[in-house]
S.K.: 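Mind looking over this structure? Questions follow.
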Amino acid sequence: MAKNGENGSVLITGGTSGLGRACVETFLKSGWSVATFGRRMDLISELREIYFGSSLIAEVCDLRVSNHVDNVLDRVKMKFQRLDVIILNAGELGRTPLATVEQLELNDFRTVFETNFFGNISIVQKIMRLFPGGKEVFVHITSDAGSNPYPKWGPYGPSKAAMDFLFKILQSENINNQRRFLSFDPGDMNTEMHRKALPEDKPETLKDPMKSAAELESLLKEMI
Ligand SMILES: NC(=O)c1ccc[n+]([C@@H]2O[C@H](COP(=O)([O-])OP(=O)(O)OC[C@H]3O[C@@H](n4cnc5c(N)ncnc54)[C@H](OP(=O)(O)O)[C@@H]3O)[C@@H](O)[C@H]2O)c1
């Protein structure tokens, strides 16, 4: 049975690329027990191979599919017994090239909210119910697009803003216990999502996701 790492245990959603992948590497190297998932089986297999023998759980799972998430959480409970930190990192950008609200279809909004809002609410509820009395720190990976009305960011920006606001409600509902809910903006990073959204941005002007992961790990180490 995997022991909790010396820094505790963390679930990172969407660990197959970008910031999520950088967090998997950073948290494992810093002595955390790490669980992660994503939809791309080849990238989950790669993680399992690279980190074979370490305290990593890596599963193929779509955040939008309830029984996929249940399977991951059951495995986490069995191996780690508890979760100290949950990083809600998995994110959906939506249709590219980015388009105005007038140009988009209603379904373009539903697709983005299905992952960034409903998927996230669902996993938070499941974790709270699976670990009653837990003292987890929940982190929502947000974006400046959730607080600035950039043109053509119609589905994505509001999905981040809605989740940030939900975290404030969750914090108000958890005032008498030790669960904490915070939003973390990692900055403009050189990742697949950013390349799809703004292909004209030069990679050297963007932040390395490893830097954002290190900043997040330092912050969380102090909190638990
Ligand atoms: N890049 C930036 O400049 C920037 C700035 C601010 C905030 N963010 C946020 O940072 C987070 C990470 O994004 P990134 O930039 O690192 O982009 P990325 O490389 O595209 O990573 C997105 C991750 O989310 C996973 N994912 C998406 N939908 C999923 C689903 N339904 N189920 C499970 N996993 C899912 C993807 O895995 P699979 O495809 O394998 O499922 C992938 O691992 C996102 O929340 C994003 O909004 C990014």
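Remember, it's 1-based here, ligands and their atoms both numbered in the order they're listed. All residue numbers in this chain count up from 1 along the given sequence.
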S.K.: Tell me yes or no: between the side chains of Ser30 and Asn7, is some donor less than 3.5 Å from an acceptor?
M.R.: no

S.K.: Apply side-chain hydrogen bond (donor to acceptor under 3.5 Å, both in side chains) to residues Lys160 and Ser183 and explain how you reach the verdict.
M.R.: CA-CA 10 Å; Lys160 294 290 181 185; Ser183 289; over 6 Å; no

S.K.: Between Arg39 and ligand 1, does any nitrogen or oxygen pair lie at a separation below 3.5 Å?
M.R.: yes

S.K.: Salt bridge check: are Glu192 and Arg21 linked by an N-O gap of less than 4.0 Å?
M.R.: no

S.K.: Where does Thr142 meet ligand 1, judged by heavy-atom distances below 4.0 Å: at the side chain, the backbone, both, or neither?
M.R.: backbone

S.K.: Considering only non-hydrogen protein atoms, determine which one is nearest to atom 12 (C) of ligand 1 and report residue, atom name and distance to 0.1 Å.
M.R.: Asn89 OD1, 3.1 Å

S.K.: Could you tell me, atom by atom, which parts of ligand 1 come under 4.0 Å of a heavy atom of Thr115?
M.R.: 28 (N), 31 (N)

S.K.: Kindly identify the option in Pro186, Ser17, Gly146, Ala197 whose heavy atom sits closest to atom 19 (O) of ligand 1.
M.R.: Ser17

S.K.: What protein heavy atom is closest to atom 10 (O) of ligand 1, reported as residue, atom name and distance in Å?
M.R.: Ile141 CG2, 3.4 Å

S.K.: Could you list the atoms of ligand 1 found under 4.0 angstrom from a heavy atom of Gly14?
M.R.: 23 (C), 24 (O), 25 (C), 43 (O)

S.K.: What atoms of ligand 1 come closer than 4.0 angstrom to any heavy atom of Leu19?
M.R.: 16 (O)

S.K.: How about Leu216 and Leu19: do any of their side-chain heavy atoms sit closer than 4.5 Å?
M.R.: no

S.K.: Taking 4.0 angstrom as the limit and counting only heavy atoms of Asp62, give me the atoms of ligand 1 inside it, by number and element.
M.R.: 30 (C), 31 (N), 32 (N)

S.K.: Do other residues, nucleotides or ligands put more than 12 heavy atoms under 6.0 Å from the CE atom of Met41?
M.R.: no

S.K.: Going by the order shown, which atoms of ligand 1 are within less than 4.0 Å of some heavy atom of Gly18?
M.R.: 16 (O), 19 (O)

S.K.: Tell me whether the count of non-hydrogen atoms from other residues, nucleotides or ligands lying under 6.0 Å of CZ in Phe165 goes above 12.
M.R.: no

S.K.: Look at the side chain of Arg48 and the backbone N and O of Ala58, then say whether any donor-acceptor pair between them is shorter than 3.5 Å.
M.R.: yes

S.K.: Could you tell me whether His194 and ligand 1 have an N or O pair separated by under 3.5 Å?
M.R.: yes

S.K.: Is a side-chain donor-acceptor pair under 3.5 Å present for Ser66 with Lys126?
M.R.: yes

S.K.: Could you tell me whether some N/O pair between Asp188 and ligand 1 is separated by less than 3.5 angstrom?
M.R.: no

S.K.: Select one of side chain, backbone, both or neither to describe which atoms of Thr191 lie under 4.0 Å from any atom of ligand 1, heavy atoms only.
M.R.: side chain

S.K.: Name the closest protein heavy atom to atom 3 (O) of ligand 1, giving the residue it belongs to and the distance to 0.1 Å.
M.R.: Met189 N, 2.8 Å

S.K.: Looking only at protein heavy atoms, identify the closest one to atom 43 (O) of ligand 1 and say how far it is in Å.
M.R.: Thr16 OG1, 2.7 Å

S.K.: In the protein, which heavy atom is nearest to atom 32 (N) of ligand 1, and how far is it?
M.R.: Leu63 N, 2.9 Å

S.K.: I'd like to know if Arg110 pairs up with Glu114 as an ion pair, taking the criterion as any Lys NZ or Arg NE/NH1/NH2 lying under 4.0 Å from an Asp or Glu carboxylate oxygen.
M.R.: no

S.K.: Does Lys160 approach ligand 1 within less than 4.0 angstrom via side chain, backbone, both or neither, non-hydrogen atoms only?
M.R.: side chain

S.K.: For atom 5 (C) of ligand 1, what's the nearest protein heavy atom and its distance?
M.R.: Gly187 O, 3.1 Å

S.K.: Write out the residue and atom name of the closest protein heavy atom to atom 17 (O) of ligand 1, then the distance separating them to 0.1 Å.
M.R.: Met193 CB, 3.2 Å

S.K.: I'd like to know whether CD of Glu102 has more than 12 heavy-atom contacts from other residues, nucleotides or ligands below 6.0 angstrom.
M.R.: no

S.K.: Which residue and atom name correspond to the protein heavy atom nearest atom 34 (N) of ligand 1, and how close is it?
M.R.: Ala90 CB, 3.7 Å

S.K.: Asn190 and Arg195: side-chain donor and acceptor closer than 3.5 Å?
M.R.: yes

S.K.: Thinking salt bridges, do Arg64 and Glu92 make one under a 4.0 Å N-O criterion?
M.R.: no

S.K.: Please check whether Tyr156 reaches ligand 1 - meaning an N/O of the residue sits under 3.5 Å from an N/O of the ligand, judged on distance alone.
M.R.: yes

S.K.: Treating Arg75 as the side-chain partner and Glu59 as the backbone partner, does any N or O pair qualify as donor plus acceptor under 3.5 Å?
M.R.: no

S.K.: Can you confirm, on distance only, whether ligand 1 has an N/O atom lying under 3.5 Å from any N/O atom belonging to Gly38?
M.R.: no

S.K.: Do side-chain atoms of Ser33 reach the backbone of Ser55 as a donor and acceptor pair under 3.5 angstrom?
M.R.: no

S.K.: Which of the numbered atoms in ligand 1 are below 4.0 angstrom from a heavy atom of Cys61?
M.R.: 32 (N), 33 (C)

S.K.: Which ligand 1 atoms, with their elements, are less than 4.0 angstrom from a heavy-atom of Arg64?
M.R.: 31 (N)

